[in-house]
Structures are given as structure tokens and as C-alpha cells.
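First up is the structure itself, then whatever we jot down about it.
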Amino acid sequence: MNWIRTLGRYTLSGLQHLGRYGLFLYTTLIWTFSSPLKVGRVIEQMSFIGVKSTLIVMLTGAFTGMVLGLQGFYALSKFGGESMLGPTVALSLVRELGPVIAALMITGRAGSALTSEIGIMRITEQIDALEVMALNPYRYLVIPNVIAAVLSFPLLGAMFDVLGIWGGYLVGVKLLGLSSGTYFGEMTVYLSSKDVFHGIYKSLSFGLIVAWICCYKGYTTEFGAKGVSKATTQAVVICSVLILVWDYFITSVSF
Amino acid sequence: MIEIKNLYKNFNGTPVLKGINLNVPRGELLALIGRSGIGKSVLLKHIVGLIKPDQGKVLINGIDINSLRGKLLVEIRKQFGVLFQGGALFDSFSVYDNVSFPLREKTKFDEQQIKERVMHELEQMGLKNDGHKYPAELSGGMRKRAALARALVMEPSIMLFDEPTTGLDPIIGQTILDYIQQCHQRLKFTGIMVTHEVNKVFNIVQQIAMIHEGEIIAQGSPEAVQKQNNPIFDQFVRGDTTGPIQYI
């Protein structure tokens with residue numbers, strides 16, 4: 001009977017955790033729409049999450065596109081479909097790889113930093129200090145990050161797509177000899193605005209997921225430096241898994 | 001006025017506060033003493049509503065702080081100034097910005113008025129020329145003084161000090177205590193000061209309370225408590241290694 005008890009305990013604990021995540025998001029959304037926005041903080045965080053992630057997103061975007069160019073050309077040449085390289089690269093990037101890989105990159109660079117920054121503020125009583133000053137910590141720490149992430153992710157995703165398509169062009173056209181007219185011409189035929197919006201919706205939701213999880217983990221950090229390191233690791237792992245799981249569901253819904 | 005009634009708190013099954021009763025009349029300053037890790041800071045956090053008790057009440061001017069939510073809680077917290085043990089200065093702000101932060105957020109003062117108030121506090125704390133520095137550039141003592149300046153800048157009616165002089169050299173420590181006394185006389189705040197420097201605060205506070213094993217074992221004016229001949233209190237004040245308090 002012990003295993004039933006253990007199973008029950010884990011289930012209850014899991015549900016309790018899920019409830020806390022949900023309540024944190026609910027509180028964040030309520031305050032987002034009911035309290036004046038700290039515009040300065042939002043801009044600051046957009047610079048941190050967005051501007052400072054530009055280089056890494058551009059770099060990974062370009063190389064992802066280059067690999068797609070190589071692999072795509074190899075696969076398409078098996079049945080003489082090299083002319084479809086442009087649409088293949090563009091569709092893969094815009095619908096899927098752009099939003100997902102950009103989100104994973106930003107999670108590693110900015111999400112982990114968000115968790116550790118808020119976590120350190122928690123363990124050094126800075127969040128308590130805000131509360132006893134009768135100020136709402138969500139307004140200062142959480143909401144600006146959520147808004148900044150929701151705005152930055154689609155922009156960075158778009159940047160990833162552009163650099164990826166350019167990387168595919170470099171490989172397909174400059175290296176493997178496909179004509180640039182074929183590469184870009186076919187792309188405009190097969191890539192529709194629906195695909196672009198699909199990518200944007202994904203990026204928006206990833207932005208919300210990353211900011212939500214990273215802020216939550218930081219906000220609920222416990223027990224000193226070890227607690228901060230644990231919270232940061234958990235935040236990155238949970239975000240990465242959630243991005244991929246949510247990506248599947250959002251793709252299957254709009255398939 | 002701060003009233004604590006029959007307050008209980010457990011952490012993971014370990015009882016920390018076991019029926020605390022404490023009363024600080026309006027305008028009086030109480031020194032709260034007791035061994036390290038006994039729950040003094042936990043008690044302060046209950047008073048300001050950062051921790052909810054398992055049982056019991058914390059009444060601030062007759063209102064149970066734990067029954068308040070939203071705007072009512074904000075209103076009551078506006079009366080508080082808290083000096084945290086580690087200072088709790090905002091890392092990303094300079095000292096000046098830390099001290100001016102509550103004024104900017106909670107008052108309609110113009111920039112000149114804010115500057116005057118902040119510079120006055122910084123001058124009192126001997127930090128007049130350190131306003132541009134960040135917390136990471138300050139020594140422990142300077143951090144504590146900056147935090148004290150931030151706690152007092154709003155001229156609160158209730159002040160909670162968590163070890164205001166710990167980690168400071170004796171001269172700066174005494175300067176801080178003198179300043180607290182000055183502010184207390186000027187602002188007439190109701191306050192609780194957690195401290196280990198019992199002998200130094202006898203002249204500053206109107207009451208002393210000692211917490212031991214989750215309970216208040218002595219409370220009264222400094223003179224009255226000293227006359228009680230409480231062996232635990234006496235051992236703690238003298239710093240004896242032998243007596244009813246067993247450290248090892």
C-alpha cells in the first residue's frame with residue numbers, strides 16, 4: 001500500500017506545483033491589464049532580452065539556414081527537385097525552426113539570467129523590500145519582462161528567419177550553383193502570409209512561456225546560492241521542454 | 001501601536017514561534033533580543049505581513065495585518081520602514097537611486113525636494129559623497145547605512161530594524177544608534193529593533209523583550225527587566241558561556 005501513498009503524495013505535490021505556476025501567470029496577467037505600465041523598465045528589459053540577444057540569434061539563424069541549404073539540396077537532388085530548395089528552407093525556418101531555435105537561444109541567454117537575477121533579489125530580500133515599501137513586485141520585476149519577451153521574441157524570430165534564408169542562399173546559390181531566381185522565385189510562390197503569421201504566433205506564445213517560467217522560478221527561489229543555481233537550471237530545462245511540447249500542439253492545431 | 005497575540009509559526013514541522021505575545025505602545029521603541037536563529041527576523045516579517053502565522057494575530061493600530069489584501073494592505077504598509085538584516089538594497093540602483101526610490105514611487109515630490117531629502121539622509125549616514133556608488137562597491141557597513149537611509153527617508157510611523165549595527169565598527173555602530181535615537185525623538189515612530197548589542201541600546205529603547213525557544217521570556221522597561229533576575233536574560237546580557245542557555 002505504500003506505493004499508492006507515495007504515488008498520491010507525488011500527484012498532490014505535482015498538482016500543487018502546477019497550481020502555483022497557474023496562479024503566478026494569472027496574477028501576472030491581472031496586474032498587466034490593471035496597473036500602470038513601467039514603460040522605462042519594459043524598454044530596459046527589451047534591450048536586455050531583445051537587443052542583446054541579436055548577435056547570437058543572427059549567428060545561429062545564418063548557420064541553421066546554411067545547414068538547411070546543404071541538407072535540403074542533398075535530399076532534393078535525389079529526385080531532381082533542387083529548384084524547391086528556396087521554399088523548403090523558407091518554410092522550415094518561418095513556420096518552425098525560426099521561432100523554436102530563436103526561443104531556445106533566448107532562453108539560454110536571457111531566460112537563465114532573468115531567473116538568476118530575480119532569484120538573487122529574492123534571497124537577498126530585495127523583493128521583500130519592495131513589498132514593505134507597499135510596491136507591487138510584479139509591476140517592477142515580472143510584467144516588464146513578460147511584455148518585453150512577448151514583443152522581442154517575434155522580432156528575433158523574424159531576424160532568425162531572414163538570416164537563415166540568407167544562409168540557405170549562400171549555400172544553395174553561391175556554393176552549390178542554384179540560380180538566385182529559382183531560389184527566391186519559388187519561395188514567393190510557396191510561402192504565404194499564413195505561414196508568416198503562424199511563425200509569429202508561435203514566437204509570441206514562446207515569449208510568454210519563457211518569461212512566465214523564468215520569472216516564476218526566480219520569484220520562488222529558496223535557500224541561497226544553491227537555490228538560485230537550481231532555479232536557473234530548472235527554468236532553462238522547463239522552458240526548453242515546454243517550447244518543444246507547445247510547438248507540437250500549436251503546429252498540429254494549425255496544420 | 002503593534003500588538004502580537006498568541007502567534008505560532010512552524011517551518012516544515014519545526015516550531016519557531018510558540019505563542020508570542022508582545023505589545024509595543026505607540027511611539028515607543030522596543031529592543032528584541034535573543035540567540036541567533038531563534039526567530040527574531042521571522043517575527044519581524046510577521047509584523048509587516050511578509051509571513052503569515054499558523055495561528056495568532058498581528059495588530060497594527062488595531063488592524064490585523066494578515067486579514068488585509070490589496071489596497072488596504074498597501075495603505076498599512078505605507079506606514080512602515082524596514083531595515084533588513086542584509087540591507088536589501090537594489091543591486092542595479094546607485095545608493096542615491098536606492099534612497100530616492102520610495103520617494104519617487106510613493107510621493108509627488110519634485111526632483112529638488114527628493115534631492116534635499118535624500119542628501120539629508122545620506123549626510124546623516126556619512127554617505128554624502130557615495131550617492132553615485134552601487135551596492136556592490138560598498139562595504140558591509142556602508143550598505144547597512146544606505147539601507148537605513150532608505151528606510152527612514154519616508155519618515156515612517158512604524159520602524160522595524162533588523163540588527164542595525166551588526167558588522168559595523170563600534171564608532172559607526174554608535175553613530176547609527178545615536179541617529180536612530182534622534183529620528184525616534186523627531187518622528188516619534190513605534191519601533192522594534194532586533195539587536196545583540198543589549199548594553200548599547202538600554203538608553204535608546206523604552207522596552208526590552210527577550211525571545212527564547214519560541215516564547216517571550218522577559219519584557220519590560222530596561223530597568224525593570226534587569227531587576228527581574230531572569231537567569232536566561234542575565235546570561236544572555238552578560239554573554240556567559242555557562243548557564244541555562246546551552247549553545248553546544
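- For the atom pair A/Glu125 CD and B/Leu89 CG, the distance stands at 11.5 Å (nearest 0.5 Å).
- Listed for the B/Lys45 side chain is no donor-acceptor partner under 3.5 Å among the backbone atoms of A/Asp128.
- Other residues, nucleotides and ligands contribute at most 12 non-hydrogen atoms within 6.0 Å of the CE atom of A/Met58.
- Between A/Ala129 and B/Phe84, the shortest heavy-atom distance links the atoms CA-CE1, 3.5 Å.
- Within a 6.0 Å sphere centred on CZ of B/Arg104, other residues, nucleotides and ligands contribute more than 12 heavy atoms.
- The environment of CZ in B/Phe11 is crowded: more than 12 heavy-atom neighbours from other residues, nucleotides or ligands sit within 6.0 Å.
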ask   = Between A/Met133 and B/Glu105, is a side chain to side chain contact (heavy atoms under 4.5 Å, CB included) present by the stated rule, with each step listed?
value = CA-CA 9 Å; A/Met133 282 179 205; B/Glu105 297 295 328; over 6 Å; no
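- Residue A/Ile127: no heavy atom, backbone or side chain, is found under 4.5 Å from chain B.
- The number of heavy-atom neighbours closer than 6.0 Å to NZ of B/Lys128, taken from other residues, nucleotides and ligands shown, is 12 or below.
- Summarising the local packing, CZ of A/Arg5 is surrounded by 12 or fewer heavy atoms from other residues, nucleotides or ligands at distances under 6.0 Å.
- With hydrogens and angles disregarded, a donor-acceptor distance shorter than 3.5 Å links the side chain of A/Gln126 to the backbone of B/Asp91.
- Atom CG of residue A/Leu135 and atom CZ of residue B/Arg77 lie 10.5 Å apart, to the nearest 0.5 angstrom.
- For B/Lys78, the parts lying under 4.5 angstrom from a heavy atom of chain A are both the backbone and the side chain.
- With chain A as the partner, the residue from B/Met154, B/Gln79, B/Arg150 showing the most heavy-atom pairs under 4.5 Å is B/Arg150.
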Test ring pair (Phe, Tyr, Trp, His ring centres under 6.0 Å) applied to B/Phe101 and A/Tyr140, step by step = CA-CA 12 Å; B/Phe101 185 72; A/Tyr140 291 85; 5.6 Å; yes
